[in-house]
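Because only heavy atoms are used, hydrogens play no part in the values below, and waters and symmetry mates are left out as well, while side chains stay in.
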Amino acid sequence: MPRSQSATTNSIPSRSSRHLSANQHHWLTIIIMVLCLNVIWWQQPIFYEHFLAQAQHWDVWPLVGYSFSASVAIALMIRSNFTHRASYFFLVLSMLVIANSQIRTRFEILLLLLLFIFFLFMIPQKIFQIKNGLGLLVFSVLATYAIPVSIYFLANNFLTQLFLHQSWMMLFAFLYFFTPLFLPNARGRLLSLATILLFWLVVLVIHGVNLGSFLAIFISLAPFLLQFSKRYFKRWEPMCALICLMLVICLLYQ
């Protein structure tokens, strides 16, 4: 074989190496999305020390296991357009974790956490027909309130109006950032235009007109623009959306 032809052949990556690269990217995306979701849900214990000081008085580790398992299930669903069957294993695992902990004695918290898992079970099932705007809204509500409310309530044994009022920003953040992931089509792009405007409005009303609000608004533009460049950035879209959501939440809830 001529040297030039041999060099050309060696310079072309093999199919196996390309597959390995795609596989590595897949798991990197899963890991980053899991970390982002847990930071989003646990940002109050991270930023407010009095939550950690109260952690010795309640059973925190089952809730950690629950949030980790649920986040892995959501990440697997997103990466497979809500068809990955392995996600069911982690949903079952999350139910087993809280069913075998002290959380089962707190009926209202147990019901809220189980409701979130049951809804995640329903999303991939075509018979329920909830992978639409209404399903996105229900998912956003449960993702906003299930774990953060459980953390706050178990740590303090009460909920405040201020906590619930400020949760509106997280609700509309989930609604917007998950729109292109929940509805990756033309209808989803149209809905994103409405959800991003609602998110901006809620941020400015609740958080006020300040530098943090404008930084959150600026960061939120990235997932919106990526929707119109799916041909080049489709594989990066889930990772970008969750990273931007995490940054926005950390900015708004300092």
Original post:
Counting distance only, does the side-chain N/O of K131 pair as donor-acceptor with the main-chain N or O of L183 below 3.5 Å?
Top reply: no
Original post:
Closest heavy-atom contact between V248 and A216?
Top reply: CG2-O, 3.6 Å
Original post:
P223 and A241: which non-hydrogen atoms are nearest, and at how many Å?
Top reply: CG-CA, 4.1 Å
Original post:
Which heavy atom in A143 sits nearest to a heavy atom in P148, and how many Å separate them?
Top reply: O-CD, 4.0 Å
Original post:
Mind checking whether F89 and L96 sit in one hydrophobic cluster, side chains of I, L, V, M, F, W, Y counted as touching below 4.5 Å?
Top reply: yes
Original post:
Applying the 4.5 Å side-chain criterion to the ILVMFWY set and letting contacts propagate, would M33 and I31 be lumped into a single cluster?
Top reply: no
Original post:
So do Y66 and I103 actually touch side chain to side chain, heavy atoms under 4.5 Å?
Top reply: no
Subject >> Distance, nearest 0.5 Å, that separates CG of L76 from OG1 of T29 >> reply: 11.5 Å
**OP:** To the nearest 0.5 Å, tell me how far L136 CG sits from I123 CD1.
**Re:** 9.0 Å
**OP:** Decide yes or no on side-chain contact (heavy atoms from CB on, under 4.5 Å) for L159 and Y152, but give the supporting numbers first.
**Re:** CA-CA 7 Å; L159 289 174; Y152 192 99; 3.6 Å; yes
Subject >> Cluster link L190 to L197, ILVMFWY, side chain under 4.5 Å >> reply: no
**OP:** Of all the heavy-atom pairs spanning M170 and Q43, show the shortest one and how long it is.
**Re:** CE-NE2, 3.5 Å
Original post:
With a 4.5 Å heavy-atom cut-off, do P124 and Y88 have their side chains touching?
Top reply: yes
**OP:** Run the numbers on W42 and I151 for side-chain contact (heavy atoms from CB on, under 4.5 Å), then give the verdict.
**Re:** CA-CA 8 Å; W42 288 84; I151 296 170; 3.5 Å; yes
Original post:
Are any of the side-chain heavy atoms of L251 and I219 separated by less than 4.5 Å?
Top reply: yes
Original post:
Where do C36 and L245 land on the side-chain contact (heavy atoms from CB on, under 4.5 Å) test, with the steps shown first?
Top reply: CA-CA 8 Å; C36 288; L245 175 57; over 6 Å; no
**OP:** Report the C-alpha separation of I130 and F119 in whole Å, then their side-chain angles, then the decisive distance to 0.1 Å, and conclude whether the side-chain contact (heavy atoms from CB on, under 4.5 Å) test is met.
**Re:** CA-CA 9 Å; I130 56 175; F119 184 78; 3.7 Å; yes
**OP:** Mind checking the CG-CD1 spacing from L37 to I249? Nearest 0.5 Å is all I need.
**Re:** 11.0 Å
Subject >> pair L91-M77: side-chain heavy atoms closer than 4.5 Å >> reply: yes
**OP:** Kindly indicate whether the side chain of W61, heavy atoms from C-beta on, has any atom under 4.5 Å from the side chain of V97.
**Re:** no
Original post:
Heavy-atom distance under 4.5 Å between the side chains of Y176 and F224, does that happen here?
Top reply: yes
Subject >> Where E237 and P180 come nearest, the two heavy atoms and their spacing >> reply: OE2-CB, 3.4 Å
**OP:** Determine the interplanar angle of the F139 and F174 rings, folded into 0 to 90°, and report it as parallel if under 30°, tilted if 30 to 60°, perpendicular if over 60°.
**Re:** perpendicular
**OP:** Could you grab the distance from atom OG of S101 to atom CG of L110, nearest 0.5 Å is fine?
**Re:** 8.0 Å
**OP:** Give the cluster check for V141 versus L111: same hydrophobic cluster or not, with ILVMFWY residues linked at side-chain heavy-atom distances below 4.5 Å.
**Re:** no
**OP:** Could you tell me whether the side chain of Q166 reaches within less than 4.5 Å of the side chain of L162, counting heavy atoms only?
**Re:** yes
Subject >> Gap separating the CG atom of L113 from the OG atom of S150, nearest 0.5 angstrom >> reply: 3.5 Å
**OP:** Could you tell me the separation between the CE atom of M239 and the CZ atom of R79, rounded to the nearest 0.5 Å?
**Re:** 7.5 Å
Original post:
Of all heavy-atom pairs between S167 and Y145, which one has the smallest distance, and what is that distance?
Top reply: CB-CE2, 3.6 Å
Original post:
For G208, does its backbone N or O pair with a side-chain atom of S213 as donor and acceptor, under 3.5 Å?
Top reply: yes
Original post:
Cluster question for you: counting only ILVMFWY and a side-chain heavy-atom cut-off of under 4.5 Å, with indirect links fine, are F116 and F107 together?
Top reply: no
Subject >> CD (Q161) with more than 12 external heavy atoms under 6.0 Å >> reply: no
**OP:** Answer yes if the ring centres of F68 and F90 are under 6.0 angstrom apart, and no otherwise.
**Re:** no
Original post:
Is there a side-chain contact between L181 and L242 (heavy atoms, below 4.5 Å)?
Top reply: yes
